[in-house]
Amino acid sequence: VDSYLVLAIRFCNIGLTGRASDLLQGMVKTHIYASDSSIEMALNSIIGCYHSCSGNNPVVFDVMVDACRRHKMLDAAAKILSGLKIRGVTPSLRSYNGVLSDLLKGGRIKQFWGVHKCMLEAGLAPNIYTYTFMVGAYGKAGNINEAKGVLVEMTEKGCAPNAVTYNVLIGRLCQGGKVNEALNIKREMGKNGLIPDVFTYSTLVNGLCKEQRLQEAKALVAEILNVGLKTNCVAYSTLLDGFISNGEIDEAFKVRDEMLAQGIQLDVTGYNALIRGLCKLGKMEKACQLLNEMVRMGCEPDAVTYGLVIGGYLKDKDVNGAFTMFEKMKKSVMPTVVTYSLLVNGLCHGGDLQRADGVLHEMVASGLKPNVVIYTALITGYCRKGRIEDAREVFKRMVEGGITPDVRSYNSLIIGLCKAGEMDNANMYLVEMKEKRLTPN
RNA sequence: UUCAUAGUAAGCCAAUUA
């Protein structure tokens, strides 16, 4: 560890931060674990080496934090920040913000506030990024009033919110079903001299669509042009998807025509939304035509595109169609866990558990790790066939593989056990899930 | 070296009465 650090510190001293970054990423990967002791050791080393080699570029501390982030070791990053604070070293505000961003994205709100507190204690003043993250953190936890309070607080501190800050608030409101309030916030933006941008509009269009308020959503998409903003394919495909979700496929295609008329090409997500609509209606030839069209137009299908078509075939119980598409997919796109779980689930529904298991093996062989969804699909499949022992076996394998069963996994197994008359075992799992603090539904 | 906002695919489906 010392050798890595000495080199990294010297690289930073002479401005070669890129080299330092490569080194520390390697070091974090091989020598830092979640354990407190390995982190304490690294902290003591970095401070010691910094002094002993006359470190003069504190950027090396940022680089260290960044290295943890790149390896998704957020616990380590947080511990390093607090460990450095105790030792009187303060990484940059950006460094703190980066960790806050990752924690927020991961939904780790409690840790988010821990790092935030640490940052204040280190004497760093929040900037507009920090405040925007705070809005997001409160909003994600459903604390809308606190989120709004952040806007007031930052204004008082002389850091006026910008459109992004407002957009985050609007997004959280929409997510909590408070679309009307979100629309009010958009008006408030205007009063505060901020112009709603395409992000503001798309967020609101999405919120309205999710509430099935499609006419209002459509009007808002039109408003983008009316107020003189440059519209884009996100705004249109959000609306397009809204109509698809609502079963109005003709309206969806009208949105596509409108966007083409505006000179905006469909992107992958737009095509995917249309393909989803066609698959939903079982119009598989049309879906395939659209897939071919997108290739012709130079828009590369992705794993989602193929997943939609595969799912469409499976819904029609056309297993051969699904696998033909799967083979075609593999020529250009890497299947994901979702692709495999579509197949496993489809095969389970058709009762072909042997093949389902084979698909799971293929997935593992390709280097993907099974997740809770795919295991649960398999458990359900075995239960439906009355093969309860096999279902329990899969459940066990999942736990041993380090995957935590969720409420749905327990439901599958418990329902299977109940149907097989094994009430004692069903009860045992019910007790177990409560012990694991999962709330039965 | 490092910081923020928008759109698309996967798993459980029980209980009452008839």
* To do: Answer yes or no: side-chain N or O of A:N272 and base N or O of B:U8 forming a donor-acceptor pair under 3.5 Å.
  => yes
* **Whole angstrom value for the distance that separates C1' of B:U2 from NZ of A:K105** => 12 Å
* To do: Please evaluate the base of B:A14 for a donor-acceptor partner in the side chain of A:N411 within a cut-off of under 3.5 Å?
  => no
* Take the protein atom CG of A:N162 and the nucleotide atom P of B:C3, then report the distance between them rounded to whole Å. => 17 Å
* Taking the side chain of A:S21 as heavy atoms from C-beta outward, which of B:A6, B:C12, B:U1 is closest to it? -> B:U1
* To do: Would you classify A:T336 as touching base, sugar-phosphate or nothing, given that sugar-phosphate means primed atoms plus P, OP1 and OP2, and contacts are heavy atoms under 4.0 Å?
  => base
* To do: With heavy atoms under 4.0 Å as the rule, sort A:C12 into base, sugar-phosphate or nothing.
  => nothing
* A:D406 (side chain) and B:G11 (base): donor-acceptor pair under 3.5 Å -> yes
* Asked: NA contact type, A:A303, heavy-atom cut-off 4.0 Å: base, sugar-phosphate, or nothing?
  -> base
* Asked: What about A:N97, does its side chain sit under 3.5 Å from the base of B:A4 through a donor-acceptor pair?
  -> no
* Decide yes or no, distance alone: a donor-acceptor N/O pair under 3.5 angstrom between the base of B:U5 and the side-chain of A:N167. => yes
* To do: Determine the contact category for A:N441: base if any of its heavy atoms lies under 4.0 Å from a base atom, sugar-phosphate if only primed atoms, P, OP1 or OP2 are that close, otherwise nothing.
  => nothing
* Among B:G11, B:A9, B:U5, the one nearest A:V164 by side-chain distance -> B:U5
* To do: Find the distance A:L104:CG to B:U5:C1' and express it as a whole number of Å.
  => 11 Å
* State whether A:R276 and A:D241 are salt-bridged, where the test is any N-O pair (Lys NZ or Arg NE/NH1/NH2 against Asp/Glu carboxylate O) under 4.0 Å. => yes
* Asked: Side-chain N or O of A:R70 less than 4.0 angstrom from OP1 or OP2 on B:U2?
  -> yes
* How would you label the contact of A:T165 with the nucleic acid (heavy atoms, under 4.0 Å): base, sugar-phosphate, or nothing? -> nothing
* To do: Assess whether one donor atom and one acceptor atom, taken from the side chain of A:N371 and the base of B:G11, lie less than 3.5 Å apart.
  => no
* **A:Y313/A:F323 aromatic ring centres below 6.0 Å** => no
* Asked: If you check every side-chain atom of A:V168, which of B:A4, B:A9, B:G7 has the closest atom?
  -> B:A4
* Lys/Arg N to Asp/Glu carboxylate O, A:R397 vs A:E393, below 4.0 Å -> no
* Across the strands shown, which category fits A:F133 at heavy-atom distances under 4.0 angstrom: base, sugar-phosphate, nothing? -> sugar-phosphate
* Counting only side-chain N and O atoms of A:R172, is one of them less than 4.0 Å from OP1 or OP2 of B:A6? -> no
* Looking at A:R69, does any N or O in its side chain come under 4.0 Å of the phosphate oxygens OP1/OP2 on B:C3? -> no
* Aromatic ring proximity A:F395/A:Y382, centre distance under 6.0 Å -> no
* Asked: Is the shortest distance from a Lys or Arg side-chain nitrogen in A:K79 or A:D75 to a carboxylate oxygen in the other one below 4.0 Å?
  -> no
* Asked: Taking the side chain of A:I415 as its heavy atoms from C-beta onward, which of B:U2, B:C13, B:G11 lies nearest to it?
  -> B:C13
* Base, sugar-phosphate, or nothing: which does A:G136 touch, judged by heavy atoms less than 4.0 Å apart? -> nothing
* To do: Would you classify A:T200 as touching base, sugar-phosphate or nothing, given that sugar-phosphate means primed atoms plus P, OP1 and OP2, and contacts are heavy atoms under 4.0 Å?
  => nothing
* Tell me: CD1 of A:I170 to P of B:G7, nearest whole Å? -> 14 Å
* For A:S101, answer base if it contacts any base atom (sugar-phosphate contacts may also be present), sugar-phosphate if it contacts only those atoms, and nothing otherwise; contact means non-hydrogen atoms under 4.0 Å. => sugar-phosphate
* Would you say the side-chain atoms of A:N180 and A:R213 include a donor-acceptor pair closer than 3.5 Å? -> yes
* To do: Check every strand shown and say whether A:S412 touches a base, only sugar-phosphate, or nothing at a heavy-atom separation below 4.0 Å.
  => sugar-phosphate
* Would you say the side chain of A:S341 and the base of B:A10 hold a donor-acceptor pair, judged only by whether the two atoms sit under 3.5 Å apart? -> yes
* Which part of the nucleic acid, if any, lies within reach of A:D197 when heavy atoms closer than 4.0 Å are counted: base, sugar-phosphate only, or nothing? -> nothing
* Grab the CD1-P distance between A:I46 and B:U1 for me, whole Å please. => 17 Å
* Structure fact -> A:E300 atom CD is separated from B:U8 atom P, nearest whole Å, by 21 Å
* Pick base, sugar-phosphate or nothing for A:K210, based on heavy-atom distances below 4.0 Å to the nucleic acid. => sugar-phosphate
* To do: Report the nucleotide, chosen from B:A10, B:U5, B:C13, that has the shortest atom-to-atom distance to any side-chain atom of A:F199.
  => B:U5
* Provide, to the nearest angstrom, the distance between the CD1 atom belonging to A:I224 and the P atom belonging to B:A6. => 15 Å
* Pick base, sugar-phosphate or nothing for A:V407, based on heavy-atom distances below 4.0 Å to the nucleic acid. => nothing
* **Carboxylate-amine/guanidinium contact A:K178 A:E211, below 4.0 Å** => no
* To do: Would you indicate what A:R276 reaches in the nucleic acid, counting non-hydrogen atoms under 4.0 angstrom: base, sugar-phosphate, or nothing?
  => sugar-phosphate
* Structure fact -> To the nearest angstrom, the CG-P distance between A:L194 and B:U5 comes to 18 Å
* To do: May I ask you to decide if the ring planes of A:Y138 and A:W113 are parallel, tilted or perpendicular, using 30° and 60° as cut-offs?
  => tilted
